[in-house]
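What follows is a single structure, written as structure tokens, with notes after it.
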Amino acid sequence: MGQVIDKTYNGIKVPQGEKITFKDGKPITPNKPIIPFIEGDGTGRDIWKASKRVLDAAVSKAYNGQKEIAWFEVLAGDKAKEATSEYLPEDTIAALKEFGVAIKGPLSTPVGGGIRSLNVTLRQIFDLYCCVRPVRWFKGVPSPVLAPEKLDVVIFRENTEDVYSGIEFPEGSAEVKKLIELLESFGKKIRPDSGIGIKPISIFGSQRLMRRAVEYAIANGRKSVTMVHKGNIQKFTEGAFRDWGYQLADKEFAKETISEEKLWAEMDGKLPAGKILINDRIADSMFQQVLTRPDEYSVLATTNLNGDYLSDACAAQVGGLGIAPGANIGDDCAIFEATHGTAPKYADKDVINPGSVILSGAMMLEYMGWGEATKLIHDSIGKTINQKKVTYDFERLMPGSTKLKTSEFADALIQNL
Ligand code: NAP
């Protein structure tokens with residue numbers, strides 16, 4: 001199966017398989033796609049070994065061996081530095097560009113000069129504008145809230161704009177002095193001993209994010225898309241994000257969606273069958289509502305900084321970062337990744353929870369159109385945790401549970417597929 005691509009990247013030969021291609025921002029997946037993986041630093045090594053086995057077993061089981069992944073290791077982080085003297089070699093960037101869909105374990109942030117963060121760099125190079133974080137509870141996972149099963153949201157966080165775009169100037173710099181003067185000419189006063197950061201939010205950036213969120217809601221039968229913003233205070237950035245989101249939904253998805261305003265003005269608050277509700281909430285109120293009325297929300301679309309905080313806050317409600325998956329998605333590239341770091345103190349001890357990368361892999365399979373394998377993985381994780389077979393991080397919070405090594409947890413998941 002698959003064609004021979006006679007190339008090497010970082011000295012590693014491309015395995016036999018086929019390329020995933022993209023049409024209108026969506027992947028077209030052959031039966032034996034070549035998928036680059038970045039193992040990750042620290043605990044990434046243990047996590048990747050376990051994750052690969054589970055993903056392969058799920059695909060094999062779901063499709064009776066008719067589909068299979070041709071895994072292709074690409075180097076980044078410490079392993080790349082050792083082999084090539086670069087943290088993010090050109091060959092890795094070229095391979096990701098060529099094959100489009102990839103998965104990565106956690107990477108440590110290089111200390112000292114050069115690249116700021118490998119994760120941020122990858123997002124910028126491939127314009128991965130949409131950070132997707134599904135947050136749901138698996139039965140039995142220890143949680144700090146009383147009814148964690150009520151939270152089942154998918155967060156779409158804009159990934160390229162906002163105060164995260166890296167336009168910042170330090171206090172006392174020539175740039176800050178100039179900016180203060182410029183702003184004074186607009187009648188705005190800023191204390192002279194200030195640092196200044198800029199918060200750009202565009203129509204383009206907001207609407208392409210919102211489009212992805214609404215498309216996801218339609219494809220997955222979700223009941224609503226809620227824009228989360230601070231538009232009451234930041235009118236021309238956060239408030240504009242909300243307005244442009246409504247405009248997009250109205251213009252491109254009028255058949256499939258209805259705004260909350262129209263719902264009350266025209267439908268007496270009753271959602272017509274098959275329609276997706278488009279509404280918005282102020283960010284601070286949303287942080288309360290994911291705790292007090294979590295079941296009222298389904299897909300959340302938000303700006304970069306809000307999304308950063310909200311994703312981790314939601315993840316904490318359902319068991320924390322050890323099992324929180326994530327993806328960074330653009331129009332012709334998608335990288336699925338662990339949301340936690342490298343947890344270096346547990347490196348090579350075969351103890352760490354591989355759940356985050358396994359669930360990110362399950363997300364990747366769904367994105368590729370292999371949802372049957374995704375479902376097998378989700379069911380198996382639910383079943384295994386319900387049997388109280390867990391890694392150390394859950395075992396310390398679950399009385400009567402059995403503590404498994406990373407590799408043993410993968411064995412249990414494969415058995416339960
Ligand atoms: P971290 O690696 O996420 O680890 C912090 C703590 O979180 C661990 O000590 C552990 O807590 C828990 N934890 C993390 N992953 C876990 C897992 N898979 N299973 C169970 N528990 C897990 O954060 P950090 O120590 O601040 O960062 C270490 C390095 O990772 C840094 O270089 C940082 O820049 C990098 N980083 C990378 C990413 C990424 O690649 N996406 C994200 C964040 C940080 P206990 O000790 O209590 O068990």
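First listed ligand is number 1; within each ligand, the first listed atom is number 1.
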* Asked: With sequence neighbours left out, which residue pairs that include part of residues 277-286 fulfil the side-chain hydrogen bond (donor to acceptor under 3.5 Å, both in side chains) condition?
  -> T226-N279, H229-D280, K230-D284, Y246-D280, E260-R281, R281-Y297, S285-Q289
* Could you note down all residue pairs passing salt bridge (charged side-chain N to carboxylate O under 4.0 Å, His left out) where residues 316-329 supplies at least one of them, sequence neighbours left out? => none
* Asked: For the ring pair Y309 and F287, is the centre-to-centre distance below 6.0 Å?
  -> no
Short N or O separations between ligand 1 and the protein, below 3.5 Å:
residue  : atom   : partner : partner atom : Å
ligand 1 : 2 (O)  : T342    : N            : 3.0
ligand 1 : 2 (O)  : A343    : N            : 2.7
ligand 1 : 3 (O)  : G341    : N            : 2.7
ligand 1 : 15 (N) : H340    : ND1          : 3.4
ligand 1 : 18 (N) : H340    : NE2          : 3.2
ligand 1 : 18 (N) : N353    : O            : 2.9
ligand 1 : 19 (N) : N353    : N            : 3.3
ligand 1 : 21 (N) : Y392    : OH           : 3.3
ligand 1 : 30 (O) : T342    : N            : 3.0
ligand 1 : 30 (O) : T342    : OG1          : 3.3
ligand 1 : 32 (O) : T109    : N            : 3.1
ligand 1 : 34 (O) : T109    : OG1          : 2.6
ligand 1 : 40 (O) : L107    : N            : 3.0
ligand 1 : 40 (O) : L107    : O            : 3.4
ligand 1 : 40 (O) : N119    : ND2          : 3.1
ligand 1 : 46 (O) : K345    : NZ           : 3.0
ligand 1 : 46 (O) : Y346    : OH           : 2.8
ligand 1 : 47 (O) : R396    : NH2          : 3.2
ligand 1 : 48 (O) : Y346    : OH           : 3.0
ligand 1 : 48 (O) : Y392    : OH           : 2.5
ligand 1 : 48 (O) : R396    : NH1          : 3.3
ligand 1 : 48 (O) : R396    : NH2          : 3.1

* To do: Under the salt bridge (Lys or Arg N to Asp or Glu O under 4.0 Å) rule, collect the residues that match up with K49, sequence neighbours excluded.
  => D46
* For the residue pair V54 and I414, establish whether any side-chain heavy-atom pair is separated by less than 4.5 Å. => yes
* **pair I276-V299: side-chain heavy atoms closer than 4.5 Å** => no
